[in-house]
Amino acid sequence: MSRAVVLLSGGLDSSTCLLVARSEGFETWALSFDYGQRHAVELERARAIAERYGARAHKVVRLETPDPGASSLTDRNAAVPRGGAPGSGPIPSTYVPARNTLFLAHAAAWGEALGASDIFIGANALDYSGYPDCRPEFLEAFERAVNLGTKAGVEGGLRFRVRAPLIAMTKAEIVLLGRSLGLDFGLTSSCYDPGRDGTPCGACDSCQLRQKGFREAGLEDPLSIRSARRS
């Protein structure tokens, strides 16, 4: 069975991506990162998703970001933007410098060691916040670079492929795909600034995009139902 490294945050997109890889017959090796994010509850969800859907292994890598104050996701004294229209303005403060570059580099290193040529990432460039490292151009450039900069790529032992199956999908399409693959949405977490018990704030970019996806898909989000019951 072919192996794939799947970047798994525990959110809706990455969890759906894990199931896409599994549906294509890959043995999945899940990779998550603890980079001091304020929404660290996502790591608990990633563990639950990896276990529930049979990942061969799940690794959580601790990353020290060079400057935690550079993003509102790693600076707990900074406010997470709420109430705006995601993707309509400048790149938001929730952008973490070079995050996907770091994540993909770790995935490629693990993939080279495992003999896994396929790297899955749940990047989306349609219903998203405007992060530059979620665009197809970036992912294509990284794929070229990793094939040029690894022993496996140069010697032909592996031909790395950066797979972003959700890149051109709307959130509604992602929700419907996740449902068709059997994803338990209640296990996922998308909020950038959840409560201590994981309850989503309902107003950050990620919450708004998730709500939009479920609304347009005509489905109820179990996290929103749970949040409403507690309010």
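- Taking each heavy atom of V41 and P194 in turn, the nearest pair found is CG1-CG, 3.7 Å.
- In this structure, the side chain of D133 engages the main chain of N100 through a donor-acceptor pair within 3.5 Å.
- Both L183 and F214 are members of a single hydrophobic cluster when ILVMFWY side chains are connected at heavy-atom separations under 4.5 Å.
- For I121 against V162, the heavy-atom pair with the smallest separation is CG2-CG1, 4.1 Å.
- Between the CG atom in L126 and the SG atom in C134 there is a gap of 12.5 Å [rounded to 0.5 Å].
- Applying the salt bridge (charged side-chain N to carboxylate O under 4.0 Å, His left out) criterion to E140, with sequence neighbours excluded, gives no partner residue.
- By the 4.5 Å heavy-atom criterion applied to side chains, V20 and V6 are not counted as neighbours.
- Side-chain contact check for S224 versus P200: every heavy-atom pair is 4.5 Å or farther apart.
- The shortest side-chain heavy-atom distance between L166 and L177 falls under the 4.5 Å cut-off.
- Here the CG atom belonging to L102 is positioned 9.5 Å from the OG1 atom belonging to T65, to the nearest 0.5 angstrom.
- In the hydrophobic clustering of this structure, Y95 does not group with L209; members are Ile, Leu, Val, Met, Phe, Trp, Tyr whose side-chain heavy atoms approach within less than 4.5 Å, directly or through other members.
- Between I91 and P132, the closest side-chain pair of non-hydrogen atoms falls below 4.5 Å.
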- [ ] Check the pair H58 / I49 against side chain to side chain contact (heavy atoms under 4.5 Å, CB included), numbers first and verdict last.
- [x] CA-CA 10 Å; H58 178 220; I49 291 287; over 6 Å; no

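- Among all heavy-atom pairs drawn from A30 and W110, the shortest one is O-CZ3, 3.5 Å.
- When side chains are defined from C-beta on, R62 counts as touching D34, because their heavy atoms get closer than 4.5 Å.
- Hydrophobic clustering, with ILVMFWY side chains joined whenever heavy atoms are under 4.5 angstrom apart, groups F103 together with V61.
- The minimum heavy-atom distance linking Y53 with G182 is given by the pair OH-O, 2.9 Å.
- Residues forming a side-chain hydrogen bond (donor to acceptor under 3.5 Å, both in side chains) with R56 (at least two apart in sequence, or on another chain): none.
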Side chains of residues 73-84: which donor-acceptor pairs under 3.5 Å do they make with residues two or more places apart or in other chains?
residue, atom, partner, partner atom, Å
T74, OG1, P68, O, 2.6
T74, OG1, S71, O, 3.3
D75, OD1, N77, N, 2.9
R76, NH2, Q37, O, 3.1
R82, NH2, D193, OD2, 2.8

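- Donor-acceptor pairing under 3.5 Å is recorded for the side chains of R99 and Y35.
- Not one N or O on the side chain of R161 forms a donor-acceptor pair closer than 3.5 Å with the backbone of S117.
- The two residues I119 and A107 have their closest heavy-atom pair at CG2-CB, 3.7 Å.
- When hydrophobic clusters are built by joining Ile, Leu, Val, Met, Phe, Trp and Tyr residues whose side-chain heavy atoms come closer than 4.5 Å, directly or via intermediates, I167 is not grouped with I174.
- In this structure the side chain of L12 reaches within 4.5 angstrom of the side chain of F185, judged on heavy atoms.
- Nearest heavy atom pair, residue R210 against residue S190, reads NH1-OG, 2.8 Å.
- In this structure, OG on S23 lies 5.0 Å from CG on L181, to the nearest 0.5 angstrom.
- Annotation: the span from R215 atom CZ to E220 atom CD amounts to 13.5 Å, rounded to 0.5 Å.
- At a threshold of 4.5 Å between non-hydrogen side-chain atoms, the residues K59 and W29 do not count as touching.
- Shown here are the side-chain hydrogen bond (donor to acceptor under 3.5 Å, both in side chains) partners of K212, two or more places apart in sequence or in another chain: D127, E216.
- Listed by chain and residue number, E27 satisfy the salt bridge (charged side-chain N to carboxylate O under 4.0 Å, His left out) test with R3 (two or more places apart in sequence, or in another chain).
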Open item on the list: Before you tell me yes or no, could you show the steps for K171 and D13 under side chain to side chain contact (heavy atoms under 4.5 Å, CB included), namely the whole-Å CA-CA distance, both residues' side-chain angles and the distance that decides it to 0.1 Å?
Closed with: CA-CA 9 Å; K171 276 293 187 208; D13 294 353; 2.6 Å; yes

Open item on the list: Set out, in order, the CA-CA distance, both residues' side-chain angles and the distance that settles side chain to side chain contact (heavy atoms under 4.5 Å, CB included) for E24 and D118, then state yes or no.
Closed with: CA-CA 11 Å; E24 292 185 9; D118 289 72; over 6 Å; no

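- Qualifying side-chain hydrogen bond (donor to acceptor under 3.5 Å, both in side chains) partners for S14, counting only residues two or more places apart in sequence or in other chains: S9.
- In this structure, the side chain of N147 does not engage the main chain of R159 through any donor-acceptor pair within 3.5 Å.
- Residues S15 and R45 have side chains that never bring a donor and an acceptor to within less than 3.5 angstrom of each other.
- Residues F26 and V5 are members of separate hydrophobic clusters, defined by side-chain heavy-atom contacts under 4.5 angstrom among Ile, Leu, Val, Met, Phe, Trp and Tyr.
- Looking at S32, its side chain does come within 3.5 Å of a backbone N or O of L8 through a donor-acceptor pair.
- No donor-acceptor pair closer than 3.5 Å links the side chain of Y131 to the backbone N or O of A123.
- The side-chain heavy atoms of F33 and L7, taken from C-beta on, include a pair separated by under 4.5 Å.
- Ring-plane geometry between F142 and F138 is classed as tilted, the angle between the planes lying from 30 to 60 degrees on a 0 to 90 degree scale.
- Checking side-chain atoms of T28 against main-chain N and O of R22 turns up no donor-acceptor pair under 3.5 Å.
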- [ ] Go through L176 and L219 one step at a time and tell me if the side chain to side chain contact (heavy atoms under 4.5 Å, CB included) criterion holds.
- [x] CA-CA 9 Å; L176 292 172; L219 300 176; 4.2 Å; yes

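- Here the OG1 atom belonging to T101 is positioned 12.0 Å from the NE2 atom belonging to H106, to the nearest 0.5 angstrom.
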